[in-house]
Structure formats: structure tokens, C-alpha cells
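As the structure is a computational prediction, the values presented were derived from the model and not from experiment.
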Amino acid sequence: MKMKKSFVALCLTAGLFAAAPGVSFADVNIVPQNTTAAPAIPASALQQLSWTPVDQSKTQTTELATTGQRLNVAGISGPVAAYSVPANIGELTLTLSSEVNKQTSVFAPNVLVLDQNMSPAAYFPSSFFTYQEPGVMSADRLEGVMRLTPALGQQKIYLLVFTTENDLRQTTKLMDPAKSYAKGTGNAVPDIPDPIARHVTEGVVKLKVKTSSGSSVLVGPLFGSSGPGPVTVGNTAAPATAYSAPAAAPAAVAAAPASAPASAAKSEPMLNDTESYFNQAIKQAAAKGDIDKALKLLNEAERLGSTSARKTFISSVKGKG
């Protein structure tokens with residue numbers, strides 16, 4: 001059974017950036033939305049996983065040998081790590097790293113991003129996670145930084161971390177500690193061979209989440225998009241009296257939390273001048289590639305009673321694609 005593919009938009013690009021001089025960059029040709037390159041995972045298999053909550057207060061560390069989960073799916077080798085991340089805190093910067101162990105081996109991570117309804121939204125293959133030299137507070141590692149913007153109305157998104165059969169046939173070239181020390185002290189770098197780390201099915205994976213701004217990948221269906229019903233994990237439906245969503249809203253938005261107040265939707269129509277102001281602001285934000293701002297403007301406009309902001313948002317974002 002092939003996974004359902006969400007309609008997603010690329011907000012410029014997925015960002016992989018350096019925090020210090022000397023870090024390498026991921027393959028610039030990676031297109032995160034190409035989820036067809038990921039292993040096909042049945043929805044039933046995804047539902048059976050335990051998804052570890054991750055927040056901004058700490059780095060989540062997973063030792064795959066002891067706490068990893070098994071997912072018997074063709075193309076995936078060894079244990080996997082499964083995380084749930086808050087999707088209602090704005091744009092996200094996710095830093096995922098896999099440390100080289102004392103046996104000179106390393107887990108080569110792949111990350112499949114799923115939206116709130118467990119539909120695949122983005123895929124970051126192992127080539128996205130590049131070798132980083134050891135620092136004062138960090139070890140040799142494979143690391144990548146993913147910037148994601150959850151579509152409005154979602155409460156959670158999900159990250160599945162795994163390695164593949166093809167990854168296990170590859171290796172990573174490290175930097176010899178003597179070379180690293182020489183570079184750090186400004187001395188001549190010795191001409192000695194670098195160690196080679198083999199790729200294995202187990203390792204230590206660390207995930208850090210923080211909010212950010214800038215170019216990113218929009219995770220989740222755009223407003224007004226259509227497609228087969230996604231797999232829903234947990235009860236997201238609200239009582240009929242809790243929230244009155246606009247007719248064009250997708251399920252992810254219409255299914256508001258049960259605690260949403262009855263006044264969440266405004267019944268009075270918006271004044272023409274105010275409507276024009278918000279529509280223009282949405283167009284300008286989309287033209288600049290700032291989809292997160294455009295989403296926020298849409299949300300505020302509809303809260304005030306706009307009837308055209310949604311159509312403006314959809315046409316503006318599609319125009320960017």
C-alpha cells in the first residue's frame with residue numbers, strides 16, 4: 001500500500017545552514033517534497049508506532065539500540081525513531097544529528113515528515129545530513145537542519161527517522177583527531193589518513209526544535225486543496241457547536257480543538273477597506289516568499305469576518321509555485 005501524498009508548497013527552499021566556519025552543506029539538489037523517493041509505509045504501520053513528544057525546552061536524545069522501534073517495511077533497516085512536534089508554535093527549525101560512536105561507525109539518518117493527518121509531506125534523505133567535525137561541546141556527527149512551516153490549523157506534525165539498506169553499503173570519511181586539533185590551534189595540519197566510519201543500523205540520534213523565521217517547507221495541505229481522506233491519528237473532531245469553520249476549509253482546520261470558544265468565527269462581514277487591506281498584505285507576503293506571514297494574515301482576516309482572504313491566499317501561493 002503506497003502512502004497518500006499531501007499537496008504541499010515549497011516556501012523557497014529547505015534550509016541547511018552553518019553555525020560555525022568549516023561546516024559542510026547538504027546536497028543543494030534535494031527537493032524535500034519528493035516523498036515518492038521515501039520507502040512506502042502502510043498507514044497501519046505508522047499508527048502502531050509510539051510517537052515521542054518533543055518541545056523547545058530540551059534536546060531529545062534517542063539511543064536506537066535500546067529505545068528504537070521496529071518497522072517491518074521494505075527499504076528500512078533496523079530500528080527507527082518516531083517524534084511528534086508541536087505544529088501550532090509557528091515556523092520550526094529542526095536540527096537532527098547522529099553521532100559517530102567509539103567503534104567508528106555511525107547511523108545515517110533519513111527523515112520522513114508527516115503532517116497532522118499522517119500524510120507524507122517532505123522527505124530528507126541521508127545525503128541531506130552531512131559530516132560535521134567535532135567541536136568543543138560536540139562529537140563527530142552527521143547533521144542537518146530542516147526548516148518547516150506547519151499549515152495553519154494543525155496541532156502536531158510527525159518525524160520518522162530511519163536508515164536504509166543502501167545507506168548501510170556506504171561509509172563516511174571523518175577527520176583524524178590530530179588534524180582537527182591542528183586546525184583548531186592554527187598549527188600545520190599533518191598529512192595522515194582520515195578514519196572511515198561504516199554505516200550501521202543503530203546509533204545515537206539527537207533532535208532539537210526551535211521556532212524560527214526565513215525560508216522553509218510548508219507541511220500540510222493548502223487551503224482549498226482536495227485529495228483522498230488522510231489517515232487521522234487520535235480524535236481531532238470538535239463538537240458541532242464549538243467552532244463554525246468556513247466551508248472551504250480542509251479537515252485539518254475545520255477540526256478545531258474541543259476547547260475552541262464559540263466566538264472563534266466572526267459572523268459580521270468585514271468592511272470593504274479592511275478586506276482590501278488584508279488581501280493586499282497577503283499578496284505582498286506571498287510575493288516575498290513569507291508564507292508564514294501570509295498564513296497569519298489569513299487567519300486574522302477570517303477571524304474578523306473576511307470572505308475573500310482565503311481565495312487570495314490560495315491564488316497568491318499557487319502563483320509562487
**Message:** Just so I know, are the side chains of Leu64 and Val205 near enough to count as touching, which here means a heavy-atom distance under 4.5 Å?
**Reply:**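 Side-chain contact under 4.5 Å: yes.
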
**Minimum side-chain heavy-atom gap Val85-Leu92 below 4.5 Å** =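 Val85 reaches Leu92 side chain to side chain.
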
For [X] and [Y], which I'm curious about, is there any donor-acceptor pair between the side chains at under 3.5 Å?
| X | Y | answer |
| --- | --- | --- |
| Asn34 | Thr36 | yes |
| Ser276 | Asn279 | no |
| Glu143 | Thr130 | no |
| Thr172 | His199 | yes |

**Request:** Look at the side-chain heavy atoms of Ile, Leu, Val, Met, Phe, Trp and Tyr, link any pair under 4.5 Å apart, and say whether Leu142 and Val200 land in one connected group.
**Result:**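 In one cluster: no.
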
**Prompt:** In terms of hydrophobic clustering (I, L, V, M, F, W, Y; side-chain heavy atoms under 4.5 Å; direct or indirect links), are Leu168 and Val80 co-clustered?
**Reply:**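 Leu168 and Val80: separate clusters.
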
With sequence neighbours excluded, residues passing salt bridge (charged side-chain N to carboxylate O under 4.0 Å, His left out) with [X]:
| X | answer |
| --- | --- |
| Lys179 | Asp194 |
| Lys208 | none |
| Lys206 | Glu99 |

**Asked** Hey, mind stepping through Glu275 and Ser308 against side-chain hydrogen bond (donor to acceptor under 3.5 Å, both in side chains) and telling me if it holds?
**Response** CA-CA 8 Å; Glu275 188 110 36; Ser308 64; 2.6 Å; yes

**Request:** Kindly assign one of parallel, tilted or perpendicular to the pair Trp51 and Tyr158, based on the angle between their ring planes and the thresholds 30° and 60°.
**Result:**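 Geometry flag for Tyr158 against Trp51: perpendicular rings.
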
